[in-house]
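To keep things clear, I will list the structure first and then write my remarks on it.
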Amino acid sequence: MAPRVRSVEARGHFVFVRWEDGSESRYPCVWLRDSCRCPRCFLRSAGARRLRPQQLELDIEARRLLLRGGAQICITWSDEHTSEYEAEWLKERCFSEEARAARRAELFLPERQYWGSDLQLPKMPFEEIMCNDESAYKWLCTLKKVGIVLLTGAAARQGELIRLGHRVGFLRLTFYGPTWQVQDKADANNIAYTTGRLCFHTDYPVLQHPPGVQFLHCIKQTAAGGESEVVDGFHVSHKLKEQNPEAYQILSSTAVDYVDVGEDYCDFAVHCKQRIIDVDSRGQEIRINYNNATRDTVFDIPAEEVRPFYAALKEFDDLLNSEEHKFTFLLKPGDVVTFDNWRVLHGRRGFPASPEATRLLEGAYADWDVLMSRLHTLRRRLQGSTDTAAH
Ligand code: OGA
Ligand code: NM2
Ligand code: ZN
Ligand code: ZN
């Protein structure tokens, strides 16, 4: 049911809306004026504001208020401009604490679920998420919530990740190419392109904005070794914080130098400083930036802080590798593992070298902005279709 306005009133710098259900919302006049939807203030085709801050009077007040059948209010302002607002549009923008919390939950959904060795690896058929919107939506929600989803039954040939990229929007190009082949290579330009063990890492902390999501498509799997390992970096960070707050403090504040020099898609020489545990202003983990292989030997911190840093790093690394936290599985041809590269650290066990390539994965990156955008467009579309079905 669309919300209806019972009455509307201006007091000082606010407009008060009383709803049919008895609740009240208050809207700051300057925000209402700034949000005017008329063609002079707003370009409808782009959903974009045209009004500039210079045109906005901080102390603007409502001169005349008009309620149209409970569904719309019309305000004439002290600058003589007139604006119209739909009840539903206003309700969706209520400034109350509860309304704001509910919207945050809606938008950033779903809550994270932490895991350890007990992970129940979520699995979905690859072709289903490719052609069914509900499945694709579920895939993206689970990827956000759990941090990892295994897609099964893709064709065991290159090109499937290009298709997956089209499904979400587009892939993230890096110096290793639009997609990249993980296999043993002569004169490997990256440690991943050998038969060696890869210890727990996130990909590409040498980039200022590391890829949010990683896809690894197994095309060929070796007969011995090559198992995949994953660990929930946010879960382990919390454990570290409990167990050794000082180590946590060091890893969440020290800027670590990363470097990657070589040639692939084009030649490159990339440098970056990243905190291994990256937290926001409220102390919430936002990203793990850890690849021991590309951690630079240049270390731009005072000499006396170096040893304590290594002590903290070793403690974190031990926690990542503890049996309690890591989850091991074997990719088979046709599997596509999709995971949150900002949260989940991954590795693989070594495998025997052989003259012909016995193991081949095709990999690709995407940004969270693109995946979240697809999640939201799918949600709108699916909600739209259930709305029509209900009528
Ligand atoms: C990588 C990587 C995992 C694997 O290429 O960065 O982590 O199983 N590969 O080979
Ligand atoms: N590969 C797998 O940080 C890294 O070096 C990530 C990137 C080579 C595309 C590895
Ligand atoms: Zn206007
Ligand atoms: Zn990797």
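Just so you know, these numbers use all the heavy atoms, side chains as well, and skip hydrogens, waters and symmetry mates. Just follow the structure's listing: the first ligand is 1, and inside any ligand the first atom is 1. Because the structure is a prediction, the values reported are computed rather than measured.
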| field | Protein heavy-atom partner closest to atom 8 (O) of ligand 1 - residue, atom, separation in Å | value | R359 NH2, 2.8 Å
| query | By number and element, which atoms of ligand 2 are closer than 4.0 Å to a non-hydrogen atom of P205? | reply | 3 (O)
| Which part of Y365 is near ligand 2, with near meaning a heavy atom under 4.0 Å away: side chain, backbone, both or neither? | side chain
| message | How far is atom 5 (O) of ligand 2 from the closest protein heavy atom, and which atom is that? | response | N190 ND2, 2.9 Å
| Between the side chains of D184 and Y193, is a donor N or O closer than 3.5 angstrom to an acceptor N or O? | no
| message | For the residue pair R172 and Y365, would you count it as a cation-pi contact if the rule is NZ or CZ under 6.0 angstrom from the ring centre and within 45 degrees of the ring axis? | response | no
| Are H346 and F339 an aromatic pair by the rule of ring centers under 6.0 Å? | yes
| Would a 4.5 Å heavy-atom cut-off, applied to side chains only, mark T294 and P205 as touching? | yes
| message | Side chain, backbone, both or neither: which applies to D203 and ligand 2 if a contact is any heavy-atom pair less than 4.0 Å apart? | response | both
| request: For this output row, return yes or no: ring centroids of Y85 and Y27 closer than 6.0 angstrom. | output: no
| note | Closest to the Zn ion (ligand 4), among the N/O/S atoms of H201, is atom NE2
| Y193 near ligand 2, heavy-atom distance under 4.0 Å? | yes
| With respect to the Zn ion (ligand 4), what is the nearest N, O or S atom of D203? | OD1
| request: Ignoring hydrogens and angles, state whether a donor on the side chain of T377 or R380 is under 3.5 Å from an acceptor on the partner side chain. | output: no
| query | Does NZ or CZ of R26 fall inside the cone over F14's six-membered ring, less than 6.0 Å from its centre and within 45° of the axis? | reply | yes
| A293: heavy atom below 4.0 Å from ligand 2, yes or no? | no
| Close-contact set for ligand 1 against V182 heavy atoms, below 4.0 Å | 5 (O), 10 (O)
| query | To the nearest 0.1 Å, how far is atom 1 (C) of ligand 1 from its closest protein heavy atom, and which atom is that? | reply | A192 CB, 3.7 Å
| query | Looking at H346, which of its N, O or S atoms is the nearest one to the Zn ion (ligand 4)? | reply | NE2
| query | Under 6.0 Å between the ring centres of W31 and H13? | reply | no
| said: Among all protein heavy atoms in this structure, tell me which lies nearest to atom 6 (O) of ligand 1, with the distance rounded to 0.1 Å. | reply: D203 OD1, 3.1 Å
| said: Contact between ligand 2 and V182 is defined here as a heavy atom of the residue under 4.0 Å from a ligand atom; is it met? | reply: no
| request: Give the residue, atom name and distance (to 0.1 Å) of the protein heavy atom nearest atom 3 (O) of ligand 2. | output: Y204 N, 2.6 Å
| query | Tell me: protein heavy atom nearest atom 9 (N) of ligand 1, and distance? | reply | L198 CD1, 3.7 Å
| message | Considering non-hydrogen atoms of the protein only, which is the closest contact for atom 4 (C) of ligand 2, and what is the distance? | response | N291 ND2, 3.3 Å
| task | Identify, for atom 2 (C) of ligand 2, the protein heavy atom at the shortest distance, and state residue, atom and that distance. | result | W180 CZ3, 3.6 Å
| task | Report yes if the distance between the aromatic ring centroids of Y114 and H238 is under 6.0 Å, otherwise no. | result | yes
| field | Heteroatom proximity flag, R348 to ligand 1, N/O under 3.5 Å | value | yes
| Numbered atoms and elements of ligand 1 in range of H346, under 4.0 angstrom, heavy atoms | 2 (C), 6 (O), 7 (O)
| remark: Nearest non-hydrogen protein atom to atom 3 (C) of ligand 1, with distance, is L216 CD1, 3.9 Å
| request: Examine the proximity of ligand 1 to L361 and report which part, side chain or backbone, both or neither, has a heavy atom under 4.0 Å away. | output: side chain
| field | Over-ring placement of K144 relative to W368, 6.0 Å and 45° cut-offs | value | yes
